[in-house]
There are 2 protein chains.
Amino acid sequence: MRITLKDLAKETGYSITTISRALAGYDDVSEQTRKFILDVAERLGYQPNQLARQLQSQRTNTIGLILPAYGPRFSDAFFSEFLSGVGTEASSHSYDLLLATQIAGTEGLPVYKRIVGSGRVDGMILLRTQQHDPRIEYLHSAGLPFVAHGRSETDFEFSYVDVDGELGLLLATRHFISLGHRRIAFVAAMPDLMLTRHRLAGYYRALAEHDLPADPALVVYGDLTQQSGLELGLSLLQMDRRPTAIVASNDLMALGVVMAARQLGLRVGVDVAISGYDDTPLAAHADPPLTSVNCLVFESGRQACRQLIELIQADQPVVKQLLLQPNLVIRASSGTSRD
Amino acid sequence: MRITLKDLAKETGYSITTISRALAGYDDVSEQTRKFILDVAERLGYQPNQLARQLQSQRTNTIGLILPAYGPRFSDAFFSEFLSGVGTEASSHSYDLLLATQIAGTEGLPVYKRIVGSGRVDGMILLRTQQHDPRIEYLHSAGLPFVAHGRSETDFEFSYVDVDGELGLLLATRHFISLGHRRIAFVAAMPDLMLTRHRLAGYYRALAEHDLPADPALVVYGDLTQQSGLELGLSLLQMDRRPTAIVASNDLMALGVVMAARQLGLRVGVDVAISGYDDTPLAAHADPPLTSVNCLVFESGRQACRQLIELIQADQPVVKQLLLQPNLVIRASSGTSRD
DNA sequence: ATCATAATCCAAAACGTTTTGGATGTCAAT
DNA sequence: ATTGACATCCAAAACGTTTTGGATTATGAT
């Protein structure tokens, strides 16, 4: 059904070579026959087979991206925004995206090997790096161009785009300190994630700046779900000397903490100050509206994609590292000065 | 760098054919040499080139999906959930997703032609159908398997998964009627979308069931943004005989209506009842929590993908049409009985 | 007439697979 | 010895492109 160069050759009487070169605009085919060939191609609705083209040229103009596994309710806006940023940038360079989904409960690396090994992508974008990240080591050893969203601890340099989590938590914690809080808790994400370490550093730095003690009991680790925010919030707020402010590592956990406060009869923004992280649409419309750290997710995706395409098209691989600066969005949940 | 069958042939001394058949598990290669070949393949880290395989087999095991264009803030959770559903189902059948982004401000059809014509996908999933949808006509005429999310008006039958919008709005409107409301407004989406027509039908049906008059002034059309919800909400709530209940066609517009009510000093859930649509995470955490219609987005994506894969693998194309039943999630924004 | 030059075209190889249709050798049955 | 059956292997074609390295013809200069 599909029209190929062979069909055009048969129809026009020229050879496949000439058809191909005419369509590609080479100057060793006369203007007259070029026009003729273009006409016929147009008339028959010829569309080049990209697979054949890619196989021949060894370039796919495709960027790979692996979606982490999800349950039935996909409640984190992060990926859609990031993806949207990547997609926008990709399509403006005529790149497409190959998306594979990591099945819940399976290890991630095999999917990477499958996609990379299959030769269907020119490069990969990595999401949610870990402190020790086998995917990065694999991609590096495989020699495929890649850009990570987030940093990692490796023996080599690699390209990444990251949002400065240390700055993010520094801003949030400073904000609470400036409102007069002295016992500030941090509901962190999983400890093996790089972002956890960076944010933790920002948290400690803010405390140190103001000579506040760092109480280990005030740092707890959740799994980014609202449920874990609720549980950790309940335990934090029932401590002997409970924290007066709580920073969570994403908006969902912050909303969990809000629920916890409510269950304990505490007024958010008055009895306890709460801040989220990521500034998802949730934050702006929560009750009360949630102070949060805007992480420029769309922009990160865009930049990551831009860097990757540069990397792919460069003759010489160049490592580029970009650190975006988040900004604090202050809303009612952080309350007013305690003085 | 990459290991090919040719390399394995050279390494083992067998022919390319035998290598290929050994790896594929044909029984015309002895158990002993098969083991040997597998060992070598493993040792050299052989990964079959999917491009070559796809070119040869004329199957790509890839599903195409085109992301509508977005601005910098991607605030609709719909796509991420849908995509997550599609991705989950796809990967459980070892299919991958090819994603292209439609650049903002450009026409949609060329992207479809590019992806379909390129031969890189076995089928497509269509999002947000329109009443008259050129994409559907194109895909039908191109003979490529596809499943639409949403219905359309065509001369032929095609496969779709849809959520019964008529039922959705019927439930929401009935709910308000049962609470004693008599003037119920509908903030619809763009009139050229099929979903608008279906929901409108449900709205009218509910009114008719209870012999309520259908006031044309109470039906207004927005563009699914919060801003348009705000504007339409302001104009509706400043009418002479203002509506006492408003159903919006997505949560974002509903939140805009909530803002409008607040600006006019009306208490949501008391002076005016409001309902959203889609039941995004926003709805549950809004202030006040928003009554909404849960549309099983993840499930739709899953079903659409499942149907598409069936369609691709069937010898005989079978049209399948699936209508999922949404359910109303009642929260504080719809208030209590007015009696 | 001969030769270089330019213009226009094309056959064949290559990309990495799978599949088709044998080829070869072994062994038991005749 | 021949035959047939079976096990094991492989050369070549095919998928649809692009690129390489000419081949052919016409043109103009000598």
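Below, chains carry the letters A, B, ... as their sequence lines are ordered, and counting in each starts from 1.
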Undergrad: Using the C1' atoms of five pairs at each end, what's the angle between the two axes of the helix from dA1(C)-dT30(D) to dT30(C)-dA1(D), to 10 degrees?
TA: 80°
Undergrad: Quick test: give all pairs of protein nitrogen or oxygen and nucleotides 18-22 of chain C nitrogen or oxygen below 3.5 Å, distance rounded to 0.1 Å.
TA:
{"residue": "dT18(C)", "atom": "OP1", "partner": "Arg53(B)", "partner atom": "NE", "Å": "3.0"}
{"residue": "dT18(C)", "atom": "OP1", "partner": "Arg53(B)", "partner atom": "NH2", "Å": "3.2"}
{"residue": "dT18(C)", "atom": "OP2", "partner": "Ser20(B)", "partner atom": "OG", "Å": "2.7"}
{"residue": "dT18(C)", "atom": "O2", "partner": "Gln56(B)", "partner atom": "NE2", "Å": "3.4"}
{"residue": "dT19(C)", "atom": "OP2", "partner": "Tyr26(B)", "partner atom": "OH", "Å": "3.0"}

Undergrad: If only side-chain N and O atoms of Gln58(A) are considered, is one of them under 4.0 Å from the OP1 or OP2 phosphate oxygen of dG16(C)?
TA: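 For dG16(C), OP1/OP2 do have a side-chain N/O of Gln58(A) under 4.0 Å.
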Undergrad: Can you tell me how far P of dC15(D) sits from CG of Leu51(B), to the nearest Å?
TA: 18 Å
Undergrad: Checking Thr33(A) against Ser30(A): is there a side-chain donor and acceptor pair closer than 3.5 Å?
TA: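 Yes, because at least one side-chain N or O of Ser30(A) sits under 3.5 Å from a partner of the opposite role on Thr33(A).
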Undergrad: Are Asp96(A) and Thr62(A) close enough that a side-chain donor and a side-chain acceptor fall under 3.5 Å?
TA: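 Judged by distance alone, the side chains do not pair up.
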Undergrad: Please report, rounded to the nearest Å, how far the C1' atom of dA14(C) is from the CG atom of Asn49(B).
TA: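 In whole Å, dA14(C) C1' and Asn49(B) CG are 13 Å from each other.
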Undergrad: When rounded to the nearest 0.5 angstrom, what distance separates CG in Leu97(B) from OH in Tyr95(B)?
TA: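 Answer for the CG-OH pair, Leu97(B) versus Tyr95(B), is 12.0 Å.
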Undergrad: Test of understanding: with ring-ring contact (aromatic ring centres under 6.0 Å, His included), list the residues that count as partners of Phe82(A), not counting sequence neighbours.
TA: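 In terms of ring-ring contact (aromatic ring centres under 6.0 Å, His included), with neighbours along the sequence ignored, Phe82(A) is linked to Phe78(A), His149(A).
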Undergrad: What is the distance from CG of Leu8(A) to C1' of dC10(C), rounded to the nearest Å?
TA: 16 Å
Undergrad: How long is the line joining OH of Tyr14(A) and P of dA11(C), in whole Å?
TA: 14 Å
Undergrad: From CG of Leu55(A) over to P of dG16(C), roughly how many Å is that when rounded to an integer?
TA: 7 Å
Undergrad: Between Ser15(B) and Thr18(B), is the side chain to side chain donor-acceptor pair (under 3.5 Å) condition met? List the steps.
TA: CA-CA 5 Å; Ser15(B) 76; Thr18(B) 302; 3.2 Å; yes
Undergrad: Consider only side-chain N and O atoms of Arg135(A) and Tyr112(A), and report whether a donor and an acceptor are under 3.5 Å apart.
TA: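 The answer is yes; a qualifying pair exists.
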Undergrad: Can you tell me how far C1' of dT17(C) sits from CZ of Arg59(B), to the nearest Å?
TA: 16 Å
Undergrad: Could I get the full list of ring-ring contact (aromatic ring centres under 6.0 Å, His included) partners for His93(B), not counting sequence neighbours?
TA: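 Testing His93(B) for ring-ring contact (aromatic ring centres under 6.0 Å, His included), a comparison that skips the adjacent residues, returns none.
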Undergrad: What pairs with Arg59(A) under side-chain hydrogen bond (donor to acceptor under 3.5 Å, both in side chains), at least two apart in sequence or on another chain?
TA: none
Undergrad: OP1 or OP2 of dC10(D) sitting under 4.0 Å from any side-chain N/O of Thr18(B)?
TA: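 Checking Thr18(B) against dC10(D): at least one side-chain N or O falls below 4.0 Å of OP1 or OP2.
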Undergrad: Just to be sure I understand the geometry, which residues of residues 29-44 of chain B put a non-hydrogen atom under 4.0 Å away from DNA chain D?
TA: Val29(B), Ser30(B), Thr33(B)
Undergrad: Under a 3.5 Å threshold, yes or no: a donor from one side chain and an acceptor from the other, between Gln303(B) and Gln307(B)?
TA: no
Undergrad: How many whole angstroms separate atom CG of Leu23(B) from atom P of dG16(C)?
TA: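 After rounding, the gap between these two atoms is 16 Å.
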Undergrad: Is a salt bridge present between Arg2(A) and Asp7(A), judged by a nitrogen-to-oxygen distance below 4.0 Å?
TA: no
Undergrad: Atom CG of Asp27(B) to atom P of dC6(D): distance rounded to whole Å?
TA: 13 Å
Undergrad: Strictly below 4.0 Å: does Lys6(A) bring a side-chain N or O up to OP1 or OP2 of dC15(D)?
TA: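 Lys6(A) to dC15(D) OP1/OP2: side-chain N or O found under 4.0 Å.
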Undergrad: Would you say Glu31(A) has more than 12 foreign heavy atoms packed within less than 6.0 Å of its CD?
TA: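 Yes - once you tally the heavy atoms of other residues, nucleotides and ligands closer than 6.0 Å, there are more than 12.
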